[in-house]
Amino acid sequence: MTEDDGMIETGKIFRVRCVDNTLQRNTLTLGHVYEVTKVHERDDYYELGSLGRFSRSRFETVCPTSANDDEDSAAKPDPKSADNG
């Protein structure tokens, strides 16, 4: 694989959310998050593991959450469980 073929090995898996499943309803689910294993820049598509290749316009990138986000949310009290009296 070379830079000339337009395929980029991401080195890590990132996630995208399906926002358009037109003509792919048997394969893609609206709102479902998928893991991208390769990005094909030249052809403007994502490879989603064993599911195949799909146009990047069908997806929006999902920002990964850090481990600190989970710890911060655990440390914050739930306002519904607070005593009001």
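If you read the sequence from its start, that first residue is 1, and numbering goes on from there. Since the model is a prediction, treat every value here as computed from it, not as a measurement.
Put simply, the side chain of Arg58 gets close to the backbone of Asp20: a donor and an acceptor are under 3.5 Å apart. Between the side chain of Asp43 and the backbone N or O of Tyr45 there is no donor-acceptor pair closer than 3.5 Å. Side chain of Thr61 to main chain of Val16: no donor-acceptor pair is present (N/O by atom type, distance under 3.5 Å, no hydrogens or angles).
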List the steps, then state whether side-chain contact (heavy atoms from CB on, under 4.5 Å) holds for Thr37 with Leu48. CA-CA 6 Å; Thr37 53; Leu48 305 178; over 6 Å; no
Stepwise, does the side-chain contact (heavy atoms from CB on, under 4.5 Å) test hold for Val19 with Phe59? CA-CA 5 Å; Val19 295; Phe59 304 95; 5.6 Å; no
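A distance of 7.5 Å separates OH of Tyr34 from CZ of Phe54, quoted to the nearest 0.5 Å. Interatomic distance, CZ of Arg17 versus CD of Glu60, reported as 5.5 Å (0.5 Å rounding). To the nearest 0.5 Å, atoms CZ (Arg53) and CG (Asp44) are separated by 13.5 Å.
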Compile the donor-acceptor pairs under 3.5 Å between side chains in residues 24-32 and protein atoms, sequence neighbours left out, one pair per line.
none

